[in-house]
2 protein chains.
Amino acid sequence: MIQKTSETKTKTISVIIVEDFKLTRVGLRCALNANEDINVVAEAEDAVEGLKLIEKHKPDVILMDLGLPGMNGIEAMVKCKEMMFDSKIIALTSHDRSEEVIAALSSGASAYCLKDIDPNKLADVVRDVSTGVCWIDPMVAQMTLNALPKIDNIGFLPNKSNTEGRVPLTEREFEVLKHLVSGKSNTEIAKELIVSVHTAKAHVCSILQKMCVNDRVQAAVKAVKEGMV
Amino acid sequence: MIQKTSETKTKTISVIIVEDFKLTRVGLRCALNANEDINVVAEAEDAVEGLKLIEKHKPDVILMDLGLPGMNGIEAMVKCKEMMFDSKIIALTSHDRSEEVIAALSSGASAYCLKDIDPNKLADVVRDVSTGVCWIDPMVAQMTLNALPKIDNIGFLPNKSNTEGRVPLTEREFEVLKHLVSGKSNTEIAKELIVSVHTAKAHVCSILQKMCVNDRVQAAVKAVKEGMV
DNA sequence: TAATCCATTACCCGATTGTCTAATTTATTG
DNA sequence: CAATAAATTAGACAATCGGGTAATGGATTA
C-alpha cells in the first residue's frame with residue numbers, strides 16, 4: 001500500500017452533507033469522520049434544511065446530492081452560491097448524464113463524484129476541493145472536458161498541422177458535415193441545403209476522402225473529437 | 001502531518017516529461033521518482049522529441065509544458081491525441097491566462113497544474129489523472145468552471161429524465177457501441193465479437209432504442225460527446 | 001416454479017449508403 | 001484568356017442499414 005504524502009492544512013475541514021438517503025448519509029459521515037482532519041458538522045435530508053444548516057455553519061465543503069426530493073441539488077447550489085460564502089461544493093450523485101454534470105459544475109460545484117467512489121478517495125477529494133481544486137470523476141471527466149468551448153486553433157497554433165497533411169474542407173462541405181454529425185441522412189441534408197440528393201452525396205463523398213475515413217460514422221466521430229463542429 | 005490514505009493501484013505509473021527548462025525537468029523527475037509507484041520513463045526538451053518518445057513508450061501520463069519552443073504544448077497535445085493512446089496529459093505551466101487554460105483542457109489535457117504546485121501534490125495528481133480524473137489547479141479552477149456552458153436550470157428535472165428516461169446499456173451492448181463508434185460496420189462488429197451479423201444487428205438495434213437515437217451516427221456522436229467510450 | 005432479461009440466430013424488405021462515371025455552371029486565379 | 005477549383009446534377013449498382021417478427025437457451029429473480 002502506497003501512502004499519499006501531500007501535506008494538508010492542519011486546520012480541520014468542516015463538512016455538511018445534504019443527501020436524502022439515510023443510509024448513504026450515514027456512510028458518508030462515517031467515511032469522512034474517520035479522517036481526523038475532516039469534521040462533518042451537520043447533515044440534511046433535503047435542500048431546504050440543507051440551506052439553513054449551510055447558512056448557520058458556513059462549512060468549508062458541502063457534499064450535495066443532486067437527486068433530492070423537492071428542490072433539487074442544482075437549484076440548491078445556485079441558492080447556496082448566492083449566499084456569498086466561499087464554501088466549496090462537491091456534487092455527489094449516481095447519475096452520469098452529460099447535462100446534469102455540466103449543469104452542476106456550471107452552477108457552483110467544484111467537484112463531481114459518482115457515488116461508487118472509494119471512501120478514502122472521497123476524503124482526498126474533500127481535502128483537494130477545500131483548497132479550491134476542481135476535481136471530476138473519471139466516469140464523467142471526458143464529457144466535461146468536451147463541453148469546454150473549443151478554442152480557434154488557427155492563430156493560436158503555428159500553421160503546421162492545419163495546412164499541411166490535412167486537406168481542408170470547403171465551406172459547403174462544412175455545412176454538410178454539421179448536418180452529418182447531427183445524424184441527418186443524405187436525403188435530409190439535401191432537403192436542408194435545398195439541393196438534390198446527388199449533391200449531398202457528392203459532398204459527403206469528398207468529405208470522407210478529405211477526412212481520410214471510410215464512412216460517415218467515422219467522419220462524425222472524428223469531427224466531434226477534433227472539435228470541428 | 002496527515003497522510004493520505006487512498007489505495008493506489010500496485011502497478012507503477014509510467015510518466016514522460018516534456019519541458020524545455022532543464023532545471024525544471026530535473027526537479028520534476030526527482031519529485032516524481034521519489035514515489036515508488038511512479039516511474040519517469042523519458043524526458044524531452046521539445047515537442048517533436050516528446051512526441052517520438054510518447055509514441056515509443058506509450059506512457060500512462062504525460063507532463064506537458066505549454067510554453068515550448070517551436071511547436072507549442074497545445075499543438076503537441078492535439079497531435080498526441082491523434083495517436084489514439086489513452087495516455088493522460090497534465091498541462092503544466094506558470095501561466096494562468098484563461099484562453100490558455102481552456103485551450104489546453106479542450107485540446108486533450110486532463111489536468112492543469114501551475115508550476116508552483118507542491119511536488120508531493122503533483123504526485124497525487126499524477127495518480128489521480130492516471131485513473132481518468134480531471135484535476136484543475138485552484139488558481140484556474142474557477143475560470144475553467146465559468147467557461148462551461150450554462151445550463152438553463154429552470155425546467156431541469158433530474159427525477160424524470162434520469163430514472164425513467166434512461167435505460168442502461170448491457171455490457172455486451174457497450175462492447176458493440178465501442179466498435180460502432182470506431183466506425184465498424186455490423187459485419188465487422190460481428191466478426192470482432194465472433195457472433196453472427198444478425199446478433200450484431202440486434203445489439204445495434206437495441207442500442208439505438210435505449211439511447212433514443214435514430215441511427216448509428218447519432219449513437220456514435222452521443223457516445224463520444226457524453227464520454228461513454 | 002414462473003417470470004424476466006439477456007444473448008443469440010434467422011429471414012424479409014424497403015430505404016440508405018458509398019462509389020463510379022460524366023456533365024454543366026460559376027468563380028477565382030495565373 | 002485559359003486553367004483550376006467548387007458546386008451542382010444525374011444514373012446505376014452492390015453493399016449495408018434499420019425495422020419487424022420470432023424462436024431458442026441460459027441466467028437471474030420473484
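Predicted model, so just to flag it, every value in this text is computed and none were measured. Chain naming here is simple, since letters A, B, ... match the order of the sequence lines and numbering starts at 1 in each.
Counting heavy atoms from C-beta outward, Asp65(A) and Leu92(A) have side chains that stay 4.5 Å or more apart. Residues Lys88(A) and Ile13(A) fail the side-chain proximity criterion, which asks for heavy atoms closer than 4.5 Å. Ile16(B) places a side-chain heavy atom less than 4.5 Å from the side chain of Val41(B). For the pair Lys22(A) and Arg25(A), the minimum side-chain heavy-atom distance is below 4.5 Å.
Within a 6.0 Å sphere centred on NZ of Lys191(B), heavy atoms belonging to other residues, nucleotides or ligands number 12 at most. Taking a 6.0 Å sphere around NZ of Lys58(B), one finds it holds more than 12 heavy atoms contributed by other residues, nucleotides or ligands.
Taking atom CD1 of residue Ile207(B) and atom P of nucleotide dG19(D), one finds them 12 Å apart after rounding to whole Å. Following rounding to the nearest Å, Lys201(B) (NZ) and dC13(C) (P) show an atom-to-atom distance of 13 Å. Here dT8(C) presents its P atom at 8 Å from CG of Leu193(B), a figure rounded to the nearest Å. Straight-line distance from the CD atom of Glu171(B) to the P atom of dT28(D): 12 Å, rounded to whole Å. In this structure, Glu188(B) places its CD atom 13 Å from C1' of dC17(D), rounding to the nearest Å. Atom NE2 of His198(A) and atom P of dA23(C) are 16 Å apart (whole Å). Rounded to an integer number of Å, the gap from CG of Leu177(A) to P of dA7(D) is 13 Å. Here dG18(D) presents its P atom at 10 Å from CD of Gln218(B), a figure rounded to the nearest Å.
For Arg216(B), taking side-chain heavy atoms from C-beta onward, the closest of the listed nucleotides dC17(D), dA7(C), dC20(C) is dC17(D). Looking at the side chain of Glu173(B), the nearest of the listed nucleotides dA7(C), dT8(D), dG18(D) is dA7(C). Ranking dT8(C), dT9(D), dA7(C) by closeness to the Thr199(A) side chain, first place goes to dT9(D).
No donor-acceptor pair under 3.5 Å is formed between the side chain of Glu173(B) and the backbone N or O of Leu169(B).
The phosphate of dC17(D) (OP1 or OP2) has a side-chain N or O of Asn186(B) nearer than 4.0 angstrom. For the pair Thr170(B) and dA7(C), the criterion of a side-chain N or O lying under 4.0 Å from OP1 or OP2 is met. At dT8(D), one or more side-chain N or O atoms of His203(A) fall inside 4.0 Å of OP1 or OP2 (strictly under the cut-off). Contact between the side-chain N/O atoms of Ser196(B) and the OP1/OP2 oxygens of dT9(C) is found at a separation under 4.0 Å. Residue Arg172(A) places at least one side-chain N or O under 4.0 Å from the OP1 or OP2 atom of dT8(D).
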TODO: Report the secondary structure of DNA chain D in dot-bracket form, marking unpaired bases with a dot and bases paired to a different strand with |, and treating Watson-Crick or G-U pairs with both distances under 3.5 Å as paired.
DONE: ||||||||||||||||||||||||||||||
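At a threshold of 4.0 angstrom between heavy atoms, the contacts of Val204(A) are confined to the sugar-phosphate backbone, with no base atom among them. Backbone-only engagement by Ser185(A) is indicated by non-hydrogen atom pairs under 4.0 Å involving sugar-phosphate atoms exclusively.
Residues Ser14(B) and Asn39(B) have side chains that never bring a donor and an acceptor to within less than 3.5 angstrom of each other.
In this structure, Val213(B) and Ala202(B) both approach DNA chain D, and ranking their closest nucleotides by distance from the 5' end singles out Val213(B).
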